[in-house]
Amino acid sequence: MKIATWNVNSIRTRKEQVLDWLNYQDVDVLCLQETKVIDQDFPRTPFEEMGYAVAVSGQKAYNGVAIFSKHPLEAVSCGFSPIVGEAITGKFDEQKRVITAVVDGIRLVNVYIPNGSSVGSDKYQYKLHWLEILNQYLQQLLQAETKICLCGDFNVAPENRDIYDPKKGDTNHIMASPEERSAIALIQSLGFQDAFRKFTEEGGHYSWWDYRTRAFSRDRGWRIDHHFLTPELYQKAVNCWIDRAPRKQEKPSDHTPVIVEF
DNA sequence: ATGGCGAATCATATTCGA
(Lines give C-alpha, C1' and ligand atoms only; values in the text may rest on other atoms or scores of the structure.)
Protein backbone atom coordinates (compact mmCIF):
# COMPACT_ATOMS: atom_id res chain seq x y z
CA MET A 1 0.00 0.00 0.00
CA LYS A 2 1.58 3.26 -1.15
CA ILE A 3 0.18 6.67 -0.22
CA ALA A 4 1.67 9.71 -1.94
CA THR A 5 1.28 13.45 -1.46
CA TRP A 6 2.07 16.03 -4.15
CA ASN A 7 1.42 19.75 -4.43
CA VAL A 8 0.98 19.91 -8.21
CA ASN A 9 0.51 23.70 -8.55
CA SER A 10 -2.49 23.41 -10.94
CA ILE A 11 -3.85 19.99 -11.92
CA ARG A 12 -4.82 21.27 -15.35
CA THR A 13 -1.28 22.39 -16.12
CA ARG A 14 0.26 19.26 -14.56
CA LYS A 15 -2.26 16.67 -15.77
CA GLU A 16 0.06 14.81 -18.16
CA GLN A 17 2.91 14.77 -15.65
CA VAL A 18 0.65 13.36 -12.95
CA LEU A 19 -0.65 10.67 -15.33
CA ASP A 20 2.92 9.73 -16.34
CA TRP A 21 4.00 9.63 -12.71
CA LEU A 22 1.08 7.41 -11.66
CA ASN A 23 1.90 5.05 -14.52
CA TYR A 24 5.43 4.43 -13.31
CA GLN A 25 5.04 4.83 -9.54
CA ASP A 26 1.68 3.00 -9.33
CA VAL A 27 0.64 4.34 -5.91
CA ASP A 28 -2.61 3.23 -4.33
CA VAL A 29 -3.44 6.73 -3.15
CA LEU A 30 -2.38 10.19 -4.28
CA CYS A 31 -3.26 13.26 -2.23
CA LEU A 32 -3.00 16.45 -4.29
CA GLN A 33 -2.80 20.08 -3.24
CA GLU A 34 -3.08 23.35 -5.13
CA THR A 35 -5.32 21.90 -7.79
CA LYS A 36 -6.48 25.46 -8.58
CA VAL A 37 -9.73 24.49 -10.26
CA ILE A 38 -13.43 24.40 -9.48
CA ASP A 39 -14.87 20.92 -9.03
CA GLN A 40 -16.85 20.81 -12.29
CA ASP A 41 -13.71 21.62 -14.31
CA PHE A 42 -11.43 19.10 -12.57
CA PRO A 43 -10.01 16.68 -15.20
CA ARG A 44 -11.32 13.56 -13.46
CA THR A 45 -11.82 11.30 -16.48
CA PRO A 46 -8.23 10.29 -17.36
CA PHE A 47 -7.55 9.37 -13.74
CA GLU A 48 -10.79 7.43 -13.42
CA GLU A 49 -9.88 5.58 -16.61
CA MET A 50 -6.66 4.51 -14.88
CA GLY A 51 -8.77 2.95 -12.16
CA TYR A 52 -8.73 5.69 -9.56
CA ALA A 53 -11.68 6.87 -7.52
CA VAL A 54 -11.54 10.68 -7.40
CA ALA A 55 -12.70 13.06 -4.67
CA VAL A 56 -12.18 16.80 -5.08
CA SER A 57 -12.65 20.03 -3.17
CA GLY A 58 -11.59 23.00 -5.21
CA GLN A 59 -12.17 26.67 -5.91
CA LYS A 60 -11.30 29.11 -8.63
CA ALA A 61 -7.61 29.99 -9.10
CA TYR A 62 -6.33 29.22 -5.61
CA ASN A 63 -5.90 26.31 -3.21
CA GLY A 64 -7.89 23.12 -3.86
CA VAL A 65 -7.27 19.54 -2.71
CA ALA A 66 -8.10 16.11 -4.13
CA ILE A 67 -7.67 12.42 -3.40
CA PHE A 68 -7.14 9.68 -6.00
CA SER A 69 -7.51 6.10 -4.77
CA LYS A 70 -7.39 2.64 -6.36
CA HIS A 71 -9.44 1.39 -3.40
CA PRO A 72 -12.94 2.70 -2.66
CA LEU A 73 -13.14 6.13 -1.05
CA GLU A 74 -15.45 6.05 1.96
CA ALA A 75 -16.69 8.71 4.37
CA VAL A 76 -15.44 11.58 2.19
CA SER A 77 -15.86 15.06 3.64
CA CYS A 78 -14.50 18.48 2.73
CA GLY A 79 -13.47 21.30 5.02
CA PHE A 80 -13.43 21.43 8.79
CA SER A 81 -17.13 21.91 9.50
CA PRO A 82 -18.39 18.32 8.93
CA ILE A 83 -16.04 17.18 11.70
CA VAL A 84 -15.84 20.08 14.17
CA GLY A 85 -19.03 22.02 13.41
CA GLU A 86 -19.56 25.46 11.95
CA ALA A 87 -19.32 27.24 15.29
CA ILE A 88 -15.62 26.36 15.48
CA THR A 89 -14.90 26.43 11.75
CA GLY A 90 -16.08 29.99 11.18
CA LYS A 91 -14.67 31.39 7.93
CA PHE A 92 -11.90 28.79 7.73
CA ASP A 93 -13.72 26.60 5.21
CA GLU A 94 -13.89 29.35 2.59
CA GLN A 95 -10.48 28.37 1.28
CA LYS A 96 -10.50 24.75 0.07
CA ARG A 97 -7.61 23.24 1.99
CA VAL A 98 -8.76 19.99 3.59
CA ILE A 99 -10.40 16.80 2.36
CA THR A 100 -10.68 13.48 4.16
CA ALA A 101 -11.69 9.91 3.29
CA VAL A 102 -11.33 6.41 4.63
CA VAL A 103 -9.36 4.09 2.34
CA ASP A 104 -8.77 0.45 3.22
CA GLY A 105 -9.45 1.22 6.88
CA ILE A 106 -7.06 4.19 6.96
CA ARG A 107 -8.42 7.67 7.69
CA LEU A 108 -6.66 9.96 5.23
CA VAL A 109 -6.56 13.67 5.96
CA ASN A 110 -5.18 15.63 3.02
CA VAL A 111 -4.23 19.21 3.91
CA TYR A 112 -2.91 22.28 2.15
CA ILE A 113 -1.79 24.36 5.10
CA PRO A 114 -1.67 28.12 4.35
CA ASN A 115 1.77 29.45 3.46
CA GLY A 116 1.52 32.47 5.73
CA SER A 117 3.32 34.99 3.50
CA SER A 118 5.71 36.46 6.11
CA VAL A 119 6.01 36.24 9.86
CA GLY A 120 3.66 38.71 11.55
CA SER A 121 1.46 39.34 8.50
CA ASP A 122 -2.30 38.87 8.42
CA LYS A 123 -1.76 35.69 6.41
CA TYR A 124 0.63 34.46 9.08
CA GLN A 125 -2.07 34.91 11.72
CA TYR A 126 -4.51 33.10 9.44
CA LYS A 127 -2.04 30.21 9.16
CA LEU A 128 -1.64 29.93 12.93
CA HIS A 129 -5.38 30.08 13.48
CA TRP A 130 -5.94 27.51 10.74
CA LEU A 131 -3.48 25.18 12.49
CA GLU A 132 -5.42 25.57 15.75
CA ILE A 133 -8.60 24.46 14.01
CA LEU A 134 -6.76 21.58 12.35
CA ASN A 135 -5.66 20.52 15.83
CA GLN A 136 -9.27 20.42 17.02
CA TYR A 137 -10.31 18.60 13.86
CA LEU A 138 -7.70 15.91 14.49
CA GLN A 139 -8.68 15.57 18.14
CA GLN A 140 -12.23 14.95 16.99
CA LEU A 141 -11.14 12.25 14.53
CA LEU A 142 -8.92 10.61 17.16
CA GLN A 143 -11.96 10.00 19.33
CA ALA A 144 -13.27 7.53 16.76
CA GLU A 145 -10.25 6.35 14.76
CA THR A 146 -6.81 4.91 15.45
CA LYS A 147 -5.29 4.65 11.96
CA ILE A 148 -4.89 8.20 10.68
CA CYS A 149 -2.57 9.42 7.90
CA LEU A 150 -2.35 13.21 7.94
CA CYS A 151 -0.52 14.24 4.81
CA GLY A 152 -0.08 17.13 2.43
CA ASP A 153 1.72 20.41 1.96
CA PHE A 154 2.35 21.61 5.52
CA ASN A 155 4.29 24.74 4.54
CA VAL A 156 6.37 24.13 7.64
CA ALA A 157 9.86 22.65 7.90
CA PRO A 158 9.71 20.94 11.31
CA GLU A 159 13.44 21.17 12.04
CA ASN A 160 16.54 22.96 10.79
CA ARG A 161 17.78 19.75 9.14
CA ASP A 162 14.79 20.14 6.81
CA ILE A 163 16.16 23.38 5.28
CA TYR A 164 19.10 23.81 2.87
CA ASP A 165 20.25 26.81 4.91
CA PRO A 166 19.55 26.00 8.57
CA LYS A 167 20.13 29.65 9.51
CA LYS A 168 16.68 30.35 8.06
CA GLY A 169 15.35 28.29 10.94
CA ASP A 170 16.99 30.67 13.39
CA THR A 171 15.77 33.95 11.90
CA ASN A 172 11.98 33.77 12.27
CA HIS A 173 11.63 32.84 8.61
CA ILE A 174 8.21 31.86 7.29
CA MET A 175 7.81 28.03 7.33
CA ALA A 176 10.32 27.78 10.18
CA SER A 177 9.24 30.27 12.82
CA PRO A 178 8.90 29.13 16.44
CA GLU A 179 5.13 29.67 16.44
CA GLU A 180 4.62 27.57 13.31
CA ARG A 181 6.88 24.82 14.60
CA SER A 182 5.09 24.86 17.97
CA ALA A 183 1.76 24.40 16.22
CA ILE A 184 3.18 21.41 14.33
CA ALA A 185 4.71 20.02 17.54
CA LEU A 186 1.33 20.35 19.24
CA ILE A 187 -0.20 18.21 16.47
CA GLN A 188 2.60 15.67 16.92
CA SER A 189 1.85 15.62 20.65
CA LEU A 190 -1.62 14.28 19.81
CA GLY A 191 0.18 11.13 18.67
CA PHE A 192 1.35 11.86 15.13
CA GLN A 193 4.85 10.99 13.97
CA ASP A 194 6.71 12.07 10.83
CA ALA A 195 6.94 8.99 8.60
CA PHE A 196 9.99 10.28 6.72
CA ARG A 197 12.03 10.49 9.92
CA LYS A 198 11.39 6.84 10.74
CA PHE A 199 13.82 5.97 7.95
CA THR A 200 16.11 8.94 7.39
CA GLU A 201 18.01 10.91 10.02
CA GLU A 202 20.25 13.18 8.00
CA GLY A 203 19.38 16.52 6.45
CA GLY A 204 19.59 17.38 2.78
CA HIS A 205 16.23 15.87 1.80
CA TYR A 206 13.72 18.33 0.39
CA SER A 207 10.26 18.32 -1.20
CA TRP A 208 10.04 21.95 -2.42
CA TRP A 209 12.45 24.23 -4.28
CA ASP A 210 11.71 27.86 -5.13
CA TYR A 211 11.13 28.51 -8.84
CA ARG A 212 12.74 31.88 -8.61
CA THR A 213 16.35 31.38 -7.67
CA ARG A 214 17.20 28.28 -9.73
CA ALA A 215 16.85 26.67 -6.35
CA PHE A 216 16.47 23.12 -7.66
CA SER A 217 19.67 23.11 -9.71
CA ARG A 218 21.47 24.40 -6.62
CA ASP A 219 19.48 22.03 -4.35
CA ARG A 220 18.40 24.89 -2.13
CA GLY A 221 15.22 23.19 -0.90
CA TRP A 222 12.91 22.73 2.03
CA ARG A 223 11.18 19.60 3.33
CA ILE A 224 7.64 20.87 3.87
CA ASP A 225 5.47 18.01 2.51
CA HIS A 226 4.83 15.30 5.07
CA HIS A 227 2.98 12.20 6.21
CA PHE A 228 2.14 12.30 9.91
CA LEU A 229 0.98 8.91 11.19
CA THR A 230 -0.71 7.67 14.33
CA PRO A 231 1.26 4.95 16.20
CA GLU A 232 -0.49 1.94 14.71
CA LEU A 233 0.27 3.16 11.18
CA TYR A 234 3.72 4.47 12.01
CA GLN A 235 4.70 0.99 13.13
CA LYS A 236 3.42 -0.47 9.88
CA ALA A 237 5.33 1.92 7.62
CA VAL A 238 8.13 0.11 5.76
CA ASN A 239 9.47 3.05 3.74
CA CYS A 240 9.00 6.75 3.12
CA TRP A 241 10.84 8.60 0.41
CA ILE A 242 10.89 11.69 -1.78
CA ASP A 243 10.77 11.15 -5.57
CA ARG A 244 12.77 13.99 -7.09
CA ALA A 245 12.20 12.85 -10.69
CA PRO A 246 9.11 14.98 -11.41
CA ARG A 247 10.92 18.13 -10.24
CA LYS A 248 13.54 17.58 -12.98
CA GLN A 249 11.02 17.69 -15.82
CA GLU A 250 10.11 20.58 -18.09
CA LYS A 251 7.52 22.87 -16.51
CA PRO A 252 7.50 21.10 -13.16
CA SER A 253 5.54 21.87 -10.05
CA ASP A 254 7.75 23.55 -7.46
CA HIS A 255 7.00 20.56 -5.19
CA THR A 256 7.83 16.89 -5.79
CA PRO A 257 5.94 13.83 -4.51
CA VAL A 258 6.56 12.10 -1.17
CA ILE A 259 5.49 8.47 -0.76
CA VAL A 260 4.91 6.32 2.32
CA GLU A 261 4.64 2.55 1.96
CA PHE A 262 2.97 0.05 4.30
C1' DA B 1 17.41 44.73 0.31
C1' DT B 2 15.50 43.29 -3.88
C1' DG B 3 13.95 40.28 -7.21
C1' DG B 4 14.09 36.08 -9.34
C1' DC B 5 9.66 32.17 -11.66
C1' DG B 6 5.19 30.25 -12.70
C1' DA B 7 0.01 30.03 -12.66
C1' DA B 8 -4.66 31.98 -12.96
C1' DT B 9 -7.73 35.74 -13.83
C1' DC B 10 -12.07 40.46 -13.43
C1' DA B 11 -5.60 38.84 -18.40
C1' DT B 12 -1.25 42.33 -21.86
C1' DA B 13 -1.14 43.79 -15.28
C1' DT B 14 -2.03 42.00 -10.92
C1' DT B 15 -2.21 38.69 -7.17
C1' DC B 16 -0.53 34.78 -5.00
C1' DG B 17 2.69 31.23 -3.78
C1' DA B 18 6.69 30.08 0.23
Side-chain angles (χ1 to χ4, degrees), chain A residues 5-18 31-43 56-66 91-92 94-98 110-131 134 151-184 203 205-226 242 244 246-258:
Chain A
T5 180
W6 190 4
N7 177 324
V8 293
N9 186 16
S10 170
I11 186 59
R12 287 176 293 179
T13 296
R14 228 66 64 195
K15 182 179 75 173
E16 292 302 326
Q17 288 187 32
V18 175
C31 293
L32 303 103
Q33 305 86 36
E34 279 206 274
T35 53
K36 293 187 170 179
V37 65
I38 57 175
D39 293 349
Q40 53 264 46
D41 291 345
F42 193 103
V56 300
S57 180
Q59 65 184 86
K60 188 165 64 176
Y62 302 117
N63 310 313
V65 284
K91 66 181 178 184
F92 286 90
E94 289 173 5
Q95 300 181 11
K96 304 307 180 191
R97 295 179 177 276
V98 56
N110 175 19
V111 293
Y112 174 45
I113 294 175
N115 84 60
S117 187
S118 59
V119 173
S121 65
D122 289 347
K123 287 175 183 169
Y124 181 71
Q125 293 306 325
Y126 183 92
K127 180 179 195 174
L128 294 176
H129 198 159
W130 198 94
L131 285 165
L134 176 63
C151 66
D153 176 0
F154 282 54
N155 274 318
V156 178
E159 301 175 272
N160 282 359
R161 61 178 164 163
D162 299 316
I163 312 174
Y164 73 93
D165 178 2
K167 285 197 293 293
K168 292 187 185 296
D170 300 327
T171 55
N172 222 20
H173 192 286
I174 193 68
M175 302 190 292
S177 71
E179 287 175 293
E180 292 167 84
R181 285 178 168 175
S182 293
I184 295 303
H205 297 276
Y206 313 123
S207 63
W208 171 82
W209 298 260
D210 199 318
Y211 283 128
R212 290 170 287 191
T213 48
R214 305 189 327 279
F216 185 68
S217 62
R218 296 192 285 169
D219 201 22
R220 296 164 70 93
W222 295 61
R223 195 178 69 88
I224 56 175
D225 300 271
H226 311 297
I242 298 166
R244 295 163 58 98
R247 190 64 178 81
K248 299 174 184 170
Q249 295 187 301
E250 293 291 315
K251 289 179 71 71
S253 168
D254 43 355
H255 296 251
T256 210
V258 186

(request) Looking only at non-hydrogen atoms, find the nearest pair between Asp225(A) and His255(A) and report the distance. (result) OD2-ND1, 2.9 Å

(message) If I pick the C1' atom on dC16(B) and the same atom on dA11(B), what distance separates them, to the nearest angstrom?
(response) 15 Å

(request) Using atom NZ of Lys60(A) as one end and atom P of dC16(B) as the other, report the distance to the nearest whole Å. (result) 14 Å

(message) Assess, by modelled atom type and distance only, whether the side chains of Lys36(A) and Asn9(A) contain a donor and an acceptor separated by less than 3.5 Å.
(response) yes

(request) With DNA chain B as reference, determine whether Pro252(A) or Gln95(A) sits nearer its 5' end, using the nearest nucleotide of each. (result) Pro252(A)

(message) Tell me which one of Glu34(A), Arg97(A), Lys96(A) satisfies side chain to side chain donor-acceptor pair (under 3.5 Å) with Asn63(A).
(response) Arg97(A)

(request) Take atom CZ of Arg214(A) and atom C1' of dG4(B), then tell me their distance rounded to the nearest Å. (result) 9 Å

(request) Check every atom of dT9(B), dA18(B), dC5(B) against the side chain of Trp208(A) and return the nucleotide holding the closest atom. (result) dA18(B)

(request) Using a heavy-atom cut-off of under 4.0 Å over every strand shown, decide if Thr13(A) touches base, sugar-phosphate, or nothing. (result) sugar-phosphate

(request) Would you classify Asp153(A) as touching base, sugar-phosphate or nothing, given that sugar-phosphate means primed atoms plus P, OP1 and OP2, and contacts are heavy atoms under 4.0 Å? (result) sugar-phosphate

(message) Suppose you measure atom P in dT14(B) against the same atom in dG3(B); what distance do you get, rounded to whole Å?
(response) 14 Å

(message) Taking only side-chain N and O atoms of Asn9(A), does any of them lie within less than 4.0 angstrom of OP1 or OP2 on dA7(B)?
(response) no

(request) For dA18(B), take OP1 and OP2 only and decide whether either is under 4.0 Å from a side-chain N or O of Lys168(A). (result) no

(message) Categorize Lys123(A) for me: base, sugar-phosphate, or nothing, with a 4.0 angstrom heavy-atom threshold over every strand shown.
(response) sugar-phosphate

(message) Classify Tyr112(A) by what it touches in the nucleic acid, base, sugar-phosphate, or nothing, heavy-atom distance under 4.0 Å.
(response) sugar-phosphate

(message) By the definition side chain to side chain donor-acceptor pair (under 3.5 Å), identify the one residue from Thr35(A), Thr256(A), Asn155(A), Asp153(A) that meets it with Asn7(A).
(response) Asp153(A)

(request) Kindly say if Thr213(A) contacts the phosphate of dG3(B), meaning a side-chain N or O under 4.0 Å from OP1 or OP2. (result) no

(message) Out of the candidates Arg14(A), Arg247(A), Gln33(A), only one should pair with Ser253(A) under the side-chain contact (heavy atoms from CB on, under 4.5 Å) rule; please name it.
(response) Arg14(A)

(message) Measuring to OP1 and OP2 of dT9(B), would you say a side-chain N or O of Lys36(A) lies under 4.0 angstrom away?
(response) no

(message) Rounding to an integer number of Å, can you tell me how far Gln33(A) CD sits from dA7(B) P?
(response) 17 Å

(request) Please measure how far the P atom in dG4(B) lies from the corresponding atom in dT15(B), and state the result in whole Å. (result) 16 Å

(request) Would you kindly give the NZ-to-P distance between Lys15(A) and dA8(B), to the nearest whole Å? (result) 13 Å

(message) Just the rounded figure in Å: distance from C1' of dT15(B) to CG of Asn63(A).
(response) 13 Å

(message) Can you tell me which nucleotide in dG4(B), dT9(B), dG6(B) comes closest to the side chain of Arg212(A)?
(response) dG4(B)

(message) Does dT9(B) have OP1 or OP2 under 4.0 Å away from a side-chain N or O of Arg12(A)?
(response) yes

(message) By the 4.0 Å heavy-atom rule, please label Trp222(A) as base, sugar-phosphate, or nothing.
(response) nothing

(message) Just to be sure I understand the rule, does Asn155(A) reach a base, reach only the sugar-phosphate, or reach nothing, if contact means heavy atoms closer than 4.0 Å?
(response) sugar-phosphate

(request) Would you indicate which nucleotide in dC16(B), dC10(B), dA7(B) comes nearest to any side-chain atom of Tyr62(A)? (result) dC16(B)

(message) Rounded to whole Å, please give me the gap between CD in Glu34(A) and P in dC16(B).
(response) 13 Å

(message) Would you say Arg14(A) places a side-chain N or O within less than 4.0 Å of OP1 or OP2 belonging to dA7(B)?
(response) yes

(request) Starting at CD of Glu180(A), measure out to CG of Leu131(A) and round the result to the nearest 0.5 Å. (result) 8.0 Å

(message) Please pick, from dA18(B), dA8(B), dG17(B), the nucleotide with the shortest atom-to-atom distance to any side-chain atom of Met175(A).
(response) dA18(B)

(request) Whole angstrom is fine here: how far is it from OH in Tyr126(A) over to P in dG17(B)? (result) 10 Å

(request) Can you tell me, in whole Å, how much space there is between the P of dA1(B) and that of dT12(B)? (result) 34 Å

(request) Scan side-chain atoms only and decide if Asn160(A) and Asp170(A) contain a donor-acceptor pair under the 3.5 Å cut-off. (result) yes

(message) Any side-chain N or O of His255(A) below 4.0 angstrom from OP1/OP2 of dA18(B)?
(response) yes

(request) Please work out if Asn7(A) contacts a base, only the sugar-phosphate, or nothing of the nucleic acid, heavy-atom cut-off 4.0 Å. (result) sugar-phosphate

(message) Taking the C1' atom in each of dA18(B) and dA7(B), what is the distance between them to the nearest angstrom?
(response) 15 Å

(request) Report the distance from atom CZ of Arg247(A) to atom P of dC5(B), rounded to the nearest whole Å. (result) 13 Å

